[in-house]
Engineer: 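One structure is given below, represented as structure tokens, and several questions about it will come after.
Order of the sequence lines fixes the chain letters, A, B, ..., with proteins taken first and strands second; residue numbering starts at 1 for each chain.
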Amino acid sequence: MRLATWNVNSIRSRIDRVTGWLERADVDVLAMQETKCTDEQFPTMPFAALGYEVAHVGHNQWNGVAIASRVGLDDVQLGFDGQPAFNDVDEARAIGATCGGVRVWSLYVPNGRTVQDPHYAYKLEWLAALRNTATGWRDTDPAAPIALVGDWNIAPTDDDVWDMAVFTHSTHVTAPERAAFRAIEERFADVVRPFTPGPGVYTYWDYTQLRFPKRQGMRIDFILGSPALEARVTHGEIARDERKPGKKGTPAPSDHAPVFVDL
DNA sequence: ATGACTTAAAAATTAAGA
């Protein structure tokens, strides 16, 4: 089974690129983040035409997460227990489903904006709540293959950004964010890193400043697996080619590349 | 060259991204 995650940065403007990659890469399950649409606006037909069922949660033009699967899509859950709200608004940042025997969670961790912004405290609170709830999933059934995948908006080590000097006062690299990520990694391992050693290996490149052709990116998209899932991983990869511009007349790329594993 | 940011909402700009 091939399981992938991809921050698509608007599914409506990226639909042809997403379905095209699903076909070319022979993907069974795709977790998407930043669909940037409501459930009504989500383009389910192109997925259905390729044999994928889709579960999506999106409230407006912000956030939005989905799971597309051609190996079953059961027990869909919108949001995780204890997921914090931002300014009393529940955001579409987590969706879970069981696909081909694997419990998959598509996660879009809050950005944080700046370290002084309330969004940063929200980000840390969100990660702590996820750790707490996900630990419960694992402890309830230690043999369950669970995948926590998505855009984590954290570069866990200095090797995961192209130049630490540029990020001195930025979110994504602060000690509290890294500690929050490590606390989850203690229980759910990064199952892609063993196949994609760094430094200089990234999943995101800013649209500005020619960051992609200059290979100036960040590694912030991860597939974390419970011990039972980790034991089944045979391959991991970052589909860097999907960040390349399309030919004339084809959709622009997302600023994130897909990340996938084979089980 | 892969090339100097992109998206959605709304109707000119703004909010957001990381």
Side-chain angles (χ1 to χ4, degrees), chain A residues 5-18 20-21 32-43 56 58-66 86-87 89 91-93 107-124 126-127 150-178 180-181 200-222 238-259:
Chain A
T5 182
W6 195 0
N7 179 320
V8 296
N9 185 19
S10 171
I11 188 59
R12 285 179 292 172
S13 48
R14 217 77 62 206
I15 181 62
D16 289 346
R17 285 192 73 120
V18 171
W21 183 70
M32 289 165 270
Q33 301 85 37
E34 281 210 271
T35 57
K36 291 187 168 177
C37 66
T38 64
D39 294 342
E40 292 72 25
Q41 293 170 320
F42 190 96
H56 174 260
H59 306 313
N60 49 39
Q61 72 269 45
W62 309 121
N63 315 307
V65 286
F86 185 60
N87 293 336
V89 177
E91 298 185 317
R93 295 182 177 274
L107 305 169
Y108 180 45
V109 176
N111 173 289
R113 299 176 185 166
T114 68
V115 293
Q116 299 83 12
D117 197 291
H119 210 258
Y120 177 79
Y122 167 55
K123 179 180 193 174
L124 296 177
W126 203 94
L127 288 162
D151 177 358
W152 293 76
N153 272 321
I154 296 170
T157 74
D158 290 359
D159 279 353
D160 299 319
V161 297
W162 61 278
D163 182 359
M164 269 305 289
V166 173
F167 294 89
T168 308
H169 302 292
S170 301
T171 58
H172 295 61
V173 300
T174 66
E177 288 166 281
R178 287 178 168 176
F181 186 78
V201 171
Y202 309 123
T203 65
Y204 161 88
W205 298 262
D206 197 290
Y207 282 125
T208 68
Q209 306 296 317
L210 294 172
R211 293 292 186 230
F212 181 67
K214 289 179 178 173
R215 298 182 175 267
Q216 298 173 338
M218 306 173 77
R219 192 172 70 102
I220 56 177
D221 300 271
F222 299 95
I238 298 164
R240 187 181 180 281
D241 284 355
E242 297 310 307
R243 178 61 179 81
K244 294 178 179 177
K247 292 182 166 55
K248 205 171 285 184
T250 62
S254 168
D255 41 6
H256 295 251
V259 178

Engineer: Figure out the CZ/P separation between A:R215 and B:dA1, and round it to whole Å.
Structural biologist: 18 Å
Engineer: For the pair made of CH2 in A:W205 and C1' in B:dT6, what is the distance, rounded to whole Å?
Structural biologist: 17 Å
Engineer: Which residues pass the ring-ring contact (aromatic ring centres under 6.0 Å, His included) test with A:F42, sequence neighbours left out?
Structural biologist: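 Here the qualifying residues are A:F47, A:H56.
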Engineer: Are any of the side-chain nitrogens in A:R93 or A:D151 under 4.0 Å away from the carboxylate oxygens of its partner?
Structural biologist: no
Engineer: Using the side-chain contact (heavy atoms from CB on, under 4.5 Å) criterion, which residues pair with A:S13? Sequence neighbours excluded.
Structural biologist: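 Once residues adjacent in sequence are excluded, the partners of A:S13 under the side-chain contact (heavy atoms from CB on, under 4.5 Å) criterion are A:S10.
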Engineer: So if I take every side-chain heavy atom of A:F212 and compare against B:dT2, B:dA9, B:dT7, which nucleotide ends up nearest?
Structural biologist: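 Of B:dT2, B:dA9, B:dT7, B:dT2 is nearest to the side chain of A:F212.
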Engineer: Give a yes/no on whether any side-chain N or O of A:R12 is located under 4.0 angstrom from OP1 or OP2 of B:dA9.
Structural biologist: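 Yes, such a contact exists.
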Engineer: Figure out the CD1/C1' separation between A:I11 and B:dT7, and round it to whole Å.
Structural biologist: 13 Å
Engineer: Nearest to the side chain of A:L210, heavy atoms from C-beta on, is which of B:dT2, B:dG3, B:dT7?
Structural biologist: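 The answer is B:dG3, which lies nearest to the side chain.
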Engineer: A:R243: what forms a salt bridge (Lys or Arg N to Asp or Glu O under 4.0 Å) with it, not counting sequence neighbours?
Structural biologist: none
Engineer: State which residues pass salt bridge (Lys or Arg N to Asp or Glu O under 4.0 Å) with A:D16; sequence neighbours excluded, sorted by chain then number.
Structural biologist: none
Engineer: Considering every strand and a 4.0 Å limit on heavy-atom distances, what is the contact class for A:R14: base, sugar-phosphate, or nothing?
Structural biologist: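 Answer is sugar-phosphate: A:R14 comes under 4.0 Å of backbone atoms only.
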Engineer: Would you mind telling me which residue lines up with the more 5' stretch of DNA chain B, A:S10 or A:K244, judged by nearest nucleotide?
Structural biologist: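 Nearer the 5' end of the strand: A:K244.
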Engineer: Measure CZ/A:R243 against P/B:dC5 and give the value in whole Å, please.
Structural biologist: 11 Å
Engineer: Please give the distance between the P atoms of B:dA8 and B:dA18 as a whole number of Å.
Structural biologist: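 Rounded to whole Å, the distance is 15 Å.
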Engineer: Both conditions, 6.0 Å and 45 degrees, for the charged tip of A:R240 above the ring of A:W205: are they met here?
Structural biologist: yes
Engineer: Work out how far the C1' atom of B:dA10 is from that of B:dA16, and round it to whole angstrom.
Structural biologist: 16 Å
Engineer: N/O contacts under 3.5 Å, protein versus nucleotides 15-18 of chain B?
Structural biologist:
from, atom 1, to, atom 2, distance (Å)
B:dG17, OP2, A:R113, NE, 2.8
B:dA18, OP1, A:E34, OE1, 3.3
B:dA18, OP1, A:D151, OD2, 3.3
B:dA18, OP1, A:H256, NE2, 3.1
B:dA18, OP2, A:Y108, OH, 2.9
B:dA18, OP2, A:N153, OD1, 3.3
B:dA18, OP2, A:N153, ND2, 3.1
B:dA18, O5', A:N153, OD1, 3.2
B:dA18, O3', A:H172, NE2, 3.3
B:dA18, N9, A:N111, ND2, 3.3
B:dA18, N7, A:N111, OD1, 3.3
B:dA18, N7, A:N111, ND2, 2.9

Engineer: For A:Q33 and B:dT7, give me the distance from atom CD to atom C1', rounded to whole Å.
Structural biologist: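 It is 16 Å, rounded to the nearest whole Å.
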Engineer: The criterion is salt bridge (Lys or Arg N to Asp or Glu O under 4.0 Å); which residues satisfy it with A:D117, sequence neighbours excluded?
Structural biologist: none
